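Step one of this worksheet: look at the structure below.
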Amino acid sequence: MKTEITGKTLKALGFAEGKILGLALEILKNNFQDIEANEVQKLLKKVKNYPENFLDDEILSVLATAIIEEANPRSDGIIELIANAKTYTVFGEGYIEDGAKNQMNIAMKLPVTEAGALMPDAHQGYGLPIGGVLATRNAIIPYGVGVDIGCRMALSIFDIPEKYYFGKDAMYKRELIAHTKFGAGQNYSGNERADHDILDSDDFNATPFLKNLHGKAWAQLGTSGGGNHFVEWGIIDFAERDEILNIDKGRYVALLTHSGSRGFGATVAGQYTKIAKEICKLPKEAINLAYLDMNSAEGQEYWIAMNLAGDYASACHEVIHKKLTKAIGAKVLVKVENHHNFAWKETLNGEELIVHRKGATPAGKGVMGIIPGSMTAPGFLVRGKGETSSINSASHGAGRLMSRTKAIQSITKSDMKAILKDHNVTLIGAGLDEAPMAYKDINQVMAAQTELVDVIAKFEPKMVRMADDGSRED
DNA sequence: ATGTAC
């Protein structure tokens with residue numbers, strides 16, 4: 001920290017005297033040495049106001065936990081957790097932090113839980129860990145799906161051999177910039193707005209709450225948002241012909257997108273988590289796993305809203321893919337897409353269950369999926385093997401190695417430039433928190449899930465667009 | 001991940 005922040009400054013930020021102020025000062029003593037004091041102040045203010053967003057932060061989680069605990073004193077009428085919970089399978093045991101395992105242990109103790117699994121890219125999240133799969137009996141957990149409902153991958157493989165990509169950087173860059181929009185709160189207005197059948201879905205009329213969100217959904221249709229979302233050109237390599245996809249051995253130009261249901265889904269998630277927490281009182285350690293009975297009005301409303309958010313996320317990808325396919329004048333040979341933040345009704349060992357995948361790729365037998373690496377590491381087109389112990393699931397990426405805060409502190413701009421140059425990747429936007437070094441090694445993660453998926457083809461990013469880091473600043 | 005409220 002370039003200037004000292006005192007207890008007085010913290011009090012002005014709203015930190016109450018006592019344990020929390022002490023913890024904050026302790027953290028400041030040992031961290032953020034290279035960061036401007038006003039940046040650190042902004043960060044602390046965020047922790048104070050939105051502590052739930054910092055529960056997986058290596059440095060700030062202690063402070064965030066203390067703030068949440070102080071605001072949520074224990075109350076009565078609480079649903080009891082199960083003492084001897086069922087076990088679950090962990091894939092890639094060695095790569096997974098304790099925080100994620102602890103969260104999964106708690107999720108297994110819910111009275112509605114039937115089975116669980118942890119994917120090799122798992123890390124601590126909010127409620128259910130990212131990379132957590134949970135099968136419940138007739139209950140839906142809004143935070144078992146996550147804030148970005150229907151967050152998904154979409155891949156279009158074009159009839160363009162690799163050799164026609166090179167030398168056309170300017171064209172690919174121009175179209176990528178012209179037809180994508182990034183950053184929290186970003187939208188289109190007037191005639192810029194995209195059209196899609198999803199806008200006519202009768203489900204927008206299911207409740208007044210959903211009806212109110214139609215305008216926002218329309219304006220944000222075809223936008224990508226922020227965080228780890230991206231739109232990228234790359235080369236996909238089929239080492240051999242795939243009969244099922246009917247695609248020959250070779251290297252093709254492809255488009256890969258990662259984004260979700262934008263403000264629409266986030267609003268649905270926030271609303272129904274709040275409702276679930278009011279109805280379903282759980283002990284403090286499980287508070288974010290509040291669930292809705294599928295037979296209740298609220299449960300049914302969430303189910304409709306969640307599915308609409310999933311279809312909306314899919315529509316956003318479709319709009320982006322259509323615009324870019326047209327812009328480069330290509331024909332799509334194969335399209336593959338999959339949600340990785342969602343819940344499905346699936347049959348497991350003869351019983352119909354609600355399978356929540358929060359940052360996990362569906363991997364039922366023969367089911368196609370996409371597991372991205374990072375902006376420089378390869379992604380993989382996979383085919384599920386239908387492994388029951390993973391509840392027909394696989395990882396949804398490499399998983400973070402560093403929290404965003406840690407990445408910003410420890411990775412430099414020149415580190416980032418060097419690794420991009422090394423891999424011959426052009427980057428538009430993105431902050432240091434999305435640097436490849438902030439992610440686990442995708443090859444290790446793939447090696448930990450050979451029982452779960454077969455690799456069909458390998459995707460190498462060539463030109464990546466993400467949100468500018470400025471778009472996340474307050 | 002989102003975008004409001006501090």
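Convention: sequence-line order gives letters A, B, ...; per-chain numbering from 1. Values in this document were obtained by computation on a predicted structure and should not be read as measured data.
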Round to the nearest Å and state the distance from [X] atom [atom1] to [N] atom [atom2].
X: A/Arg404; N: B/dT2; atom1: CZ; atom2: C1'; value: 12 Å
X: A/Lys42; N: B/dC6; atom1: NZ; atom2: C1'; value: 14 Å
X: A/Glu434; N: B/dA1; atom1: CD; atom2: C1'; value: 11 Å
X: A/Leu44; N: B/dC6; atom1: CG; atom2: C1'; value: 14 Å
X: A/His258; N: B/dT2; atom1: NE2; atom2: P; value: 10 Å
X: A/Lys46; N: B/dA5; atom1: NZ; atom2: C1'; value: 13 Å
X: A/Lys45; N: B/dC6; atom1: NZ; atom2: P; value: 10 Å
X: A/Ile67; N: B/dC6; atom1: CD1; atom2: P; value: 15 Å

Below 4.0 Å: OP1/OP2 of [N] and any side-chain N or O of [X]:
X: A/Gln220; N: B/dG3; result: yes
X: A/Arg262; N: B/dT2; result: yes
X: A/Asn341; N: B/dA1; result: no

Side chain to side chain contact (heavy atoms under 4.5 Å, CB included) partners of A/Leu199, counting only residues at least two apart: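 In terms of side chain to side chain contact (heavy atoms under 4.5 Å, CB included), with neighbours along the sequence ignored, A/Leu199 is linked to A/Asp195, A/His214, A/Trp218, A/Leu221.
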Side-chain H-bond candidate by donor/acceptor type, A/Thr361 with A/His396, under 3.5 Å: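 No.
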Ring geometry between A/His339 and A/Trp344 (parallel below 30°, tilted from 30 to 60°, perpendicular above 60°):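 The rings of A/Trp344 and A/His339 sit tilted, inter-plane angle from 30° to 60°.
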Touch class at under 4.0 angstrom, heavy-atom based, for A/Gly260 against every strand present: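 Nothing, no heavy atom under 4.0 Å.
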Sugar-phosphate, base or nothing in reach of A/Lys48, heavy atoms under 4.0 Å: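 No contact.
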Verdict with supporting geometry, A/Thr273 and A/Lys277, side-chain contact (heavy atoms from CB on, under 4.5 Å): CA-CA 6 Å; A/Thr273 292; A/Lys277 282 178 174 174; 3.9 Å; yes
Contact residues, residues 263-279 of chain A to DNA chain B [heavy atom, < 4.0 Å]: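 DNA chain B contact set from residues 263-279 of chain A: A/Gly263, A/Ala266.
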Closest to side chain of A/Ala184, choosing from B/dA1, B/dG3, B/dC6: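 Nearest to the side-chain atoms of A/Ala184, counting from C-beta on, is B/dG3.
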Salt bridge (charged side-chain N to carboxylate O under 4.0 Å, His left out) partners for A/Lys458, two or more places apart: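 Listed in chain order: nothing, the list is empty.
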A/Arg404 bridged to A/Glu58 by N-O distance under 4.0 Å: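 Salt bridge absent between A/Arg404 and A/Glu58.
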Trace of the ring-ring contact (aromatic ring centres under 6.0 Å, His included) decision for A/Tyr272 with A/Tyr291: CA-CA 9 Å; A/Tyr272 284 92; A/Tyr291 48 86; over 10 Å; no
